[in-house]
Amino acid sequence: MARYNAKESETHWQQEWDRRALFVTPDDPSGDKPKCYVLEMFPYPSGRIHMGHARNYTMGDCVARFRRAQGYNVLHPMGWDAFGLPAENAARDKGVNPRDWTYENIAAMKAELKLLGLSIDWTREFATCDPAYYHQQQKLFLDFYRAGFVYRGEADVNWDPVDMTVLANEQVIDGKGWRSGAVVERKKLSQWFFKITDFAQELLEGLDTLDRWPEKVRVMQRNWIGRSEGLRLRFELSNNTGLEIFTTRPDTLFGASFVALSPEHPLTQEMARTNPKLQAFILECRKTGTAEAEIEKAEKLGFDTGLTAGHPFDANWRLPVMVANFVLMGYGTGAIFGCPAHDQRDLDFARKYGLSVTPVVVPDGQDAAAFVVGAEAYTGPGHLANSRFLDGMSVEDAKAEVAKRLEAAGAGARTVNYRLRDWLVSRQRPWGCPIPFVHCAKCGVVPEKNLPVLLPEKIDFSVKGNPLAADKAWNTTTCPDCGGPATRDTDTLDTFVDSSWYFARFADPKAQAPVNAKAANYWLPVDQYIGGIEHAILHLLYARFFTRAMNKLDMVDVKEPFAGLFTQGMVCHETYKDADGNWVSPDEIVKEGNKAFLKDGHAPVEVGASEKMSKSRRNVIAPETIIADYGADTIRWFMLSDTPPERDIEWTDAGAEGCWRFVQRVWRLAGEAEGLPPPGTDMKNGTRSMRAAAHKAIASVTDHLEHLRFNSAVAQLYTLSNAIADAKDADGAARREALEALVLLSAPMMPHLAEECWKALGHTKLVAETPWPKHDPSLLETDSHTMAVQVNGKLRATISVPRDAANPAIEAMALGEEAVQRALDGKTPKKVIIVPGRIVNIVV
RNA sequence: GCGGGCGUGGUGGAACUGGUAGACGCGCCAGACUCAAAAUCUGGUACCGCAAGGUGUGUCGGUUCGAUUCCGACCGCCCGCACCA
């Protein structure tokens with residue numbers, strides 16, 4: 001039998017699947033099949049498929065094919081997250097049109113994805129830069145606006161004065177723009193926001209319903225939302241104004257020794273106008289970077305404003321009002337009261353500026369008079385002291401008491417505070433979804449009625465700042481309300497908006513509304529979503545927010561978009577460096593044992609740790625080269641083998657060759673099936689163990705795939721293939737049955753090979769049209785089983801026990817073992833524990 | 001600092017609700033076939049020991065007839081967040 005020709009077979013079967021339109025999901029699904037929506041995070045069209053994509057889409061395809069075979073009505077679509085900066089960079093650097101660049105990349109990547117043999121319904125494909133998609137997104141944005149989920153507000157932004165654009169925090173490096181190198185300014189701009197904070201509580205509570213999400217992701221989202229319960233309270237200041245602060249520790253109010261404002265607090269800013277020293281102090285505070293290490297070491301800085309604040313329970317008790325660098329404007333009210341004894345930051349600050357430190361919470365069992373706070377603040381539980389009417393209370397009771405009294409006095413209110421902030425979506429970028437608003441001198445900011453607002457055909461990247469702002473022909477328009485002259489909003493939406501609802505669009509990508517409710521309600525939620533952990537917070541939180549917002553507008557029934565989430569690990573590879581410390585690519589080296597040498601000249605190369613494949617480390621292997629050398633099934637099999645899918649996988653040549661060997665091995669086994677009788681002909685004489693092996697594999701591969709344990713499913717298939725190879729003398733029909741099981745079970749992982757083998761086994765229908773095999777439980781029951789015999793918990797022997805043997809008989813068999821008698825050493829058993837079918841433990 | 005996760009052979013990793021630790025793959029060793037190589041096949045491969053046997057799942061302790069699994073303390077590694085009041 002000829003060697004398996006992966007290239008020929010894969011092309012052939014891909015065409016065959018296409019020809020029969022096997023993976024096209026009908027728009028109007030009828031019948032009583034259960035639905036299953038399998039989705040992988042759609043890619044950015046960078047131009048090339050990388051190993052991370054290959055792993056992601058292989059996993060998704062394995063699930064999709066498995067579910068389809070099981071009889072589910074499967075939706076498995078693909079699209080392109082196609083707006084974004086790389087296209088602009090390419091346009092600027094190479095003078096191409098970002099649209100052309102993007103669509104060319106999409107075509108190239110689609111061709112590569114097709115080589116992987118994915119069971120995707122390509123009729124539903126779209127790119128977020130398609131006018132048809134962003135048209136609907138503009139509608140959705142206006143729907144959200146009308147519902148009050150969108151607002152326009154002032155935002156402090158990072159402004160690059162050279163590039164004339166807003167920068168994301170990540171794009172500010174050492175206070176300078178990443179591209180221009182110009183010192184970034186803080187600027188207040190009118191920007192569009194999503195009111196995601198209105199959904200903070202339900203987004204938090206919703207996490208508890210997501211039982212098929214990784215705990216890790218739920219924890220990250222929980223922390224990001226950052227709910228804390230506390231008290232908002234008012235201090236009366238010596239300048240006759242009031243100051244609101246937020247605290248989670250109102251119980252420590254009598255330990256207060258100062259009040260502190262953020263440098264960005266409006267009151268600070270106001271005072272700075274007439275106080276040059278304060279101005280200088282604010283500048284000093286800004287110098288401190290936001291890098292982790294800096295914050296860790298950053299010294300507490302304070303500035304005494306000269307104002308004093310009256311204690312809420314004793315107006316004569318005056319506290320100094322400071323400006324402190326560690327108080328964040330973005331959290332709570334941007335002002336705090338400092339209680340040094342029970343907060344480390346306040347303590348550091350108080351020690352530096354000579355403020356008093358009064359312990360007011362004393363650990364239970366300790367004497368208040370003797371309790372001293374030294375260099376470490378006490379944040380544990382205890383009872384109140386030095387706190388007038390709170391003395392003796394527990395922390396919890398004291399919190400409640402203070403809240404009660406201040407609320408009664410109108411000086412405070414219990415509140416829930418969130419770390420989550422509203423989502424700023426305006427971007428001064430030309431390659432994105434235009435924000436469908438018009439600015440009219442007379443009517444103000446008015447929603448566009450005439451949608452879509454299309455991007456201009458040509459974008460001029462030679463201008464400073466946003467080309468859309470410079471393009472007068474494009475941004476000059478008339479007001480939808482009064483018909484007078486007006487200009488378009490020249491900002492585009494954050495690309496995270498594009499990916500916040502695409503999963504709903506796949507239900508009916510041609511709908512004339514953003515989502516077709518009927519189709520979306522049938523398909524949503526996504527049953528299995530698969531992607532990288534890097535999207536644990538932003539993308540997944542935004543998509544959850546969008547789904548809840550759409551739910552409130554009756555666009556979809558579901559509140560959560562993704563019922564099952566799986567975050568796959570990265571693909572890594574060894575790294576190499578030459579004598580000069582330059583990275584060396586894997587295809588420039590030869591390995592000899594553990595050592596590596598340059599192919600060219602044989603100079604030794606240092607072998608470094610396995611790290612995520614990246615261009616900068618030059619340790620990238622392109623999937624297309626592997627497909628060209630071995631075929632798609634080999635790369636697919638590799639991606640699913642050995643390493644659990646959530647962990648990082650290391651790509652190795654040896655591993656790839658091993659996978660290739662297995663492909664050939666399965667093909668050889670299938671070839672040996674020629675002439676074997678079809679299943680069911682003379683099964684009764686079939687080798688029992690062969691049949692048992694096949695049915696055990698069916699049961700366990702099915703179970704492993706249900707739980708996405710691809711690596712364990714793969715191991716079971718190796719076991720089955722070993723069993724088939726070893727059972728040459730088994731009954732022919734049993735061998736055939738086992739082979740057919742092997743082919744059907746491996747089809748989700750290696751679909752092309754499976755089709756080729758299936759055909760070789762004489763079938764005319766495709767594997768892709770064949771139902772998933774079912775195991776016969778009676779075949780898994782054996783007449784006898786092996787039981788371990790322990791003496792005092794130590795294994796001494798194994799015995800073969802008839803299935804229906806009674807305990808006394810088992811005990812007798814166990815005691816009859818020579819090794820057991822030796823271990824007993826003449827002693828009498830005190831107790832014999834028998835776990836049926838598993839173990840006998842003799843205790844002496 | 002806070003939160004989450006993980007420590008098993010040379011290596012990636014198995015082990016269901018506590019019940020024969022190391023499945024399966026990679027690598028390695030030996031052998032068969034071959035003029036030779038590749039490919040393929042067969043056998044072996046936790047550690048110590050000739051063997052009987054002993055020791056082994058990061059360390060120490062606990063619960064149990066029995067612990068990789070449960071509990072406690074510690075050590076180490078990874079990830080996320082971070083001056084969040």
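Throughout, protein chains are lettered first and strands after them, A, B, ... in sequence-line order, and every chain is numbered starting at 1.
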Could you tell me the Watson-Crick or G-U partner of B/U55, where both distances fall under 3.5 Å? Say none if there is no partner. B/A46
Using the C1' atoms only, state how far B/C47 lies from B/G22, rounded to an integer number of Å. 13 Å
Applying the 3.5 Å cut-off to both distances, the Watson-Crick or G-U partner of B/A15 turns out to be none
Selection from B/C24, B/G13, B/G19 that lies nearest to any side-chain heavy atom of A/D642: B/C24
Any strand counts, and the cut-off is 3.5 Å on both contacts for Watson-Crick or G-U wobble. Which nucleotide pairs with B/A85? none
C1' atom, B/U55 versus B/G9: distance in rounded Å? 14 Å
Measure up the A/F349 and A/Y353 rings against each other and bin them: parallel (under 30°), tilted (30 to 60°), perpendicular (over 60°). tilted
Can a donor-acceptor pair be found between the side chains of A/N722 and A/R665 at a distance below 3.5 Å? yes
Can you tell me whether the side chain of A/K300 and the base of B/C83 have a donor-acceptor pair closer than 3.5 Å? yes
May I have the distance from A/K216 (atom NZ) to B/C81 (atom P), rounded to whole angstrom? 10 Å
Does the structure show a Watson-Crick or G-U wobble partner for B/A39, both distances under 3.5 Å? Name it, or say none. none
Can you label the angle between the A/Y4 ring and the A/W667 ring as parallel, tilted or perpendicular, going by 30° and 60°? tilted
Aromatic rings A/F254 and A/H311: how do their planes relate, parallel, tilted or perpendicular, breaks at 30° and 60°? parallel
Hey, can you tell me if A/F281 and A/F303 have their rings parallel, tilted or perpendicular (30° and 60° cut-offs)? tilted
Judged by nearest nucleotide, the residue sitting upstream toward the 5' end of RNA chain B, A/T786 or A/R822, is A/T786
Measuring to OP1 and OP2 of B/C84, would you say a side-chain N or O of A/R421 lies under 4.0 angstrom away? no
Could you check which nucleotide pairs with B/G66 in any of the strands shown, counting Watson-Crick or G-U wobble with both distances under 3.5 Å? none
Students often get this wrong, so: under 4.0 angstrom with heavy atoms, is A/V835 touching a base, only sugar-phosphate, or nothing? base
Is there a side-chain contact between A/R661 and the phosphate of B/G27, meaning an N or O under 4.0 Å from OP1 or OP2? yes
Look at the side chain of A/R544 and the backbone N and O of A/L203, then say whether any donor-acceptor pair between them is shorter than 3.5 Å. yes
Classify the glycosidic conformation of B/G9 as syn or anti, calling it syn when the angle lies within 90° of 0. syn
Look at the side-chain N and O atoms of A/N722 and state whether any lies under 4.0 Å from the OP1 or OP2 oxygen of B/G25. yes
Can you tell me how far CD of A/Q664 sits from CG of A/L669, rounded to the nearest 0.5 angstrom? 11.5 Å
Say we look at B/A67 and B/U8: how far apart would their C1' atoms be, to the nearest angstrom? 14 Å
Quick one about A/T575 and A/N619 (side-chain donor to acceptor, distance below 3.5 Å, no hydrogens or angles considered), yes or no? no
Within less than 4.0 Å of OP1 or OP2 of B/A85, is there a side-chain N or O belonging to A/Y331? yes
Both distances below 3.5 Å, Watson-Crick or wobble geometry, any strand: find the nucleotide opposite B/C2. B/G80
For B/C41, does either OP1 or OP2 sit under 4.0 Å from a side-chain N or O belonging to A/R665? yes
For RNA chain B, the residues among residues 700-717 of chain A that have a non-hydrogen atom under 4.0 Å from it: A/N711, A/A715
With nearest nucleotide decided by heavy atoms, which residue, A/G334 or A/N223, maps closer to the 5′ end of RNA chain B? A/N223
